[in-house]
**Q** 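Right, I'll just put the structure down here and ask away after.
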Amino acid sequence: MDNTWFFEEKLANADPDVSQHIAAEESRQRSQIELVAPKNYLSRAAREAMGSMVVFATIEGYPGKRYHAGVENFDAIERLAIDRAKVMFGGGHANVQPHSGTQANQAVYFAVVRPGDTVLSMELSAGGHLSHGLKSNLSGCWFETVSYGTTRDGFIDYDAMEQLARKHRPKLIIVGGSSYPRAIDFARVSQIAKEVEAKTLADVSHFSGLIAAKEYPSPFPHIDFMTSTTNKNLRGPRGGMIVTRDAEFGRKIDSAVFPGIQGGPHPNVIAAKAVCFGEALKPEFAEYASRVLNCARKLASGLGSRGYQIVTGGTDTPFAMVDLRSKGLTGDVAQKALEDHGVTTNRNLVPHDAEAPNVTSGLRMGTSAIAARGMGEAEASGLAELIADVLDRIGGVTPGSSVKVDPAIAGKVSAMASTFPLYPNSTMSRWI
Ligand SMILES: *Cc1c(COP(=O)(O)O)cnc(C)c1O
């Protein structure tokens with residue numbers, strides 16, 4: 001039986017349809033400027049690990065306690081990822097198996113609360129995440145969710161959190177979210193939780209890289225559980241992780257992940273997590289994280305000086321939140337106009353937003369990806385000007401029609417993209 005094709009035939013020949021779409025996506029990524037906050041790139045080394053033959057390992061269980069033979073190499077890889085995660089965040093136990101951030105949160109729910117129990121979390125429009133109790137998410141169907149929000153100026157209302165905790169006596173209090181741009185007072189949250197004997201979860205998905213680099217306060221020693229996606233600011237592969245403050249919570253988390261909510265983990269992704277955690281422990285990563293933060297601050301101040309309102313007036317995170325209400329604009333129109341000029345962002349609810357989630361009054365702009373590309377504060381300031389130039393053009397456009405593309409602005413965007421190329425010496429077909 002000649003099955004040479006199986007090991008040899010390239011994607012472009014074997015499946016031109018899929019290949020063509022991948023090539024188009026590669027060219028989009030190379031030519032556009034990515035400001036969608038969760039997006040980021042992997043180092044060449046981490047991509048190699050992710051595309052390696054370790055993907056064929058089948059590995060239910062944990063290092064030293066597997067249910068299959070042939071696992072010793074993978075045990076070593078997973079142990080590296082776990083040890084590095086603990087060093088990176090200063091936790092007592094780490095689980096690197098969650099397939100995603102949502103599943104990391106699900107595992108904490110499974111370890112700590114039972115259906116019908118009450119969970120106190122940040123409401124979505126204030127910056128929370130759907131996996132923290134949205135009605136249409138499993139977390140909102142199986143658990144009672146009570147939400148705190150922000151004060152008028154966009155900062156977490158800790159007094160309201162305290163009152164809600166006293167009134168509802170939640171079993172779990174969640175902080176962290178997808179669009180809250182400020183440092184969280186973990187000590188205050190822990191104080192509130194202690195009084196009502198609640199456990200605490202910090203979902204730091206959007207700023208875990210900043211925490212690793214000590215550019216954002218650490219949840220430990222205040223918070224019981226920390227969850228994060230690994231693909232956002234941490235600059236790793238798509239996936240999730242859980243770190244606990246105390247080793248004793250670790251056992252609960254491990255059994256909540258497997259066999260609680262998952263079967264076998266993705267071995268190639270864990271290998272890439274190990275590489276990315278190793279990178280995050282190096283001085284180069286501290287430089288990267290501080291550049292991410294400085295870029296986000298430049299973007300915020302640049303847009304602010306062009307008359308665009310920034311939620312909370314600034315940021316402590318890898319993204320800035322623009323409130324478009326004072327300009328009479330909505331997020332959907334602004335997102336489209338920017339995309340047409342080669343800058344990708346996402347429309348986002350802002351605190352006390354009256355618009356629907358698919359319209360919104362805000363834009364979220366993250367700097368993790370541009371900083372990974374090598375851009376710095378000068379480029380962030382330049383981008384703020386280009387973005388304001390585009391947004392300024394929207395006024396006067398009749399609803400439903402789009403802004404005409406200004407070739408001068410689009411040209412500057414694509415020039416910036418080519419000045420900071422992605423993987424300049426490799427292409428889709430030869431990156432390993
Ligand atoms: C992105 C995000 C998640 C979910 O991540 P997925 O990997 O897409 O499931 C969870 N929590 C927060 C705060 C996030 O920003």
Side-chain angles (χ1 to χ4, degrees), residues 34-40 42 50 89 95-110 119-134 136-140 143 145 147-150 156 172-184 186 189 200-211 216 219 223 225-243 253 256-257 261-262 265-266 269-270 272-273 276 292 296 311 315-321 345-351 357 362 364-369:
E34 189 67 80
L35 293 180
V36 174
K39 294 211 185 164
N40 211 339
L42 281 182
M50 199 167 68
F89 294 111
N95 187 305
V96 297
Q97 294 195 359
H99 297 321
S100 72
T102 297
Q103 287 201 282
N105 288 337
Q106 251 172 35
V108 175
Y109 270 92
F110 195 50
V119 175
L120 176 58
S121 64
M122 181 153 62
E123 67 188 43
L124 201 64
S125 69
H129 188 260
L130 58 94
S131 61
H132 300 174
L134 186 74
S136 49
N137 183 264
L138 182 144
S139 58
F143 309 97
T145 307
S147 307
Y148 59 87
T150 57
I156 290 177
L172 177 67
I173 299 179
I174 305 180
V175 289
S178 294
S179 57
Y180 181 68
R182 289 300 188 171
I184 294 167
F186 294 119
V189 174
T200 47
L201 162 62
D203 178 348
V204 301
S205 291
H206 267 279
F207 38 84
S208 43
L210 296 192
I211 294 173
Y216 188 102
I223 299 290
F225 303 94
M226 193 203 91
T227 55
S228 180
T229 45
T230 48
N231 50 294
K232 292 176 182 167
N233 180 237
L234 208 47
R235 213 168 54 170
R238 287 208 76 83
M241 67 190 298
I242 305 169
V243 184
I253 285 296
V257 174
I261 60 158
Q262 289 187 179
H266 296 170
V269 176
I270 291 177
K273 284 174 185 173
C276 132
V292 168
V311 175
T315 181
D316 302 321
T317 63
F319 56 82
M321 289 289 300
T345 62
N346 78 286
R347 60 189 184 278
N348 212 103
L349 292 171
V350 292
R364 184 179 60 167
M365 298 179 193
T367 52
S368 296

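Residue numbers count from 1 along this sequence. In each ligand, atom 1 is the first atom listed, and ligand 1 is the first ligand listed.
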**Q** Under 3.5 Å, is there a donor-acceptor pair between the side chain of K39 and the main chain of E34?
**A**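 No, K39 side chain to E34 backbone: no donor-acceptor pair under 3.5 Å.
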**Q** What residues, two or more places apart in sequence or in another chain, satisfy side chain to side chain donor-acceptor pair (under 3.5 Å) together with E123?
**A**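 For E123 the side chain to side chain donor-acceptor pair (under 3.5 Å) partners, ignoring immediate neighbours, are S125.
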**Q** Are S368 and N233 linked by a side-chain donor-acceptor pair shorter than 3.5 Å?
**A**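 Side-chain D/A pair, S368 to N233: present.
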**Q** Would you say H129 and D203 are linked by a side-chain donor-acceptor pair, where the criterion is simply a distance under 3.5 Å?
**A**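 On atom types as modelled, these side chains do not qualify, holding no pair under 3.5 Å.
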**Q** What are the distances between nitrogen or oxygen atoms of ligand 1 and protein nitrogen or oxygen atoms, counting only those under 3.5 Å?
**A**
from: ligand 1; atom 1: 7 (O); to: G101; atom 2: N; distance (Å): 2.9
from: ligand 1; atom 1: 9 (O); to: S100; atom 2: OG; distance (Å): 3.4
from: ligand 1; atom 1: 9 (O); to: T102; atom 2: N; distance (Å): 3.0
from: ligand 1; atom 1: 9 (O); to: T102; atom 2: OG1; distance (Å): 2.7
from: ligand 1; atom 1: 11 (N); to: D203; atom 2: OD1; distance (Å): 3.4
from: ligand 1; atom 1: 11 (N); to: D203; atom 2: OD2; distance (Å): 2.5
from: ligand 1; atom 1: 15 (O); to: S178; atom 2: OG; distance (Å): 3.0
from: ligand 1; atom 1: 15 (O); to: H206; atom 2: NE2; distance (Å): 3.3
from: ligand 1; atom 1: 15 (O); to: K232; atom 2: NZ; distance (Å): 2.8

**Q** For T230, give me all partners under side chain to side chain donor-acceptor pair (under 3.5 Å), at least two apart in sequence or on another chain.
**A**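 So T230 forms no side chain to side chain donor-acceptor pair (under 3.5 Å) with any residue.
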**Q** Can you name the ring pair (Phe, Tyr, Trp, His ring centres under 6.0 Å) partners of F89, sequence neighbours left out?
**A**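 Partners of F89 by the ring pair (Phe, Tyr, Trp, His ring centres under 6.0 Å) criterion come out as none, since no residue qualifies.
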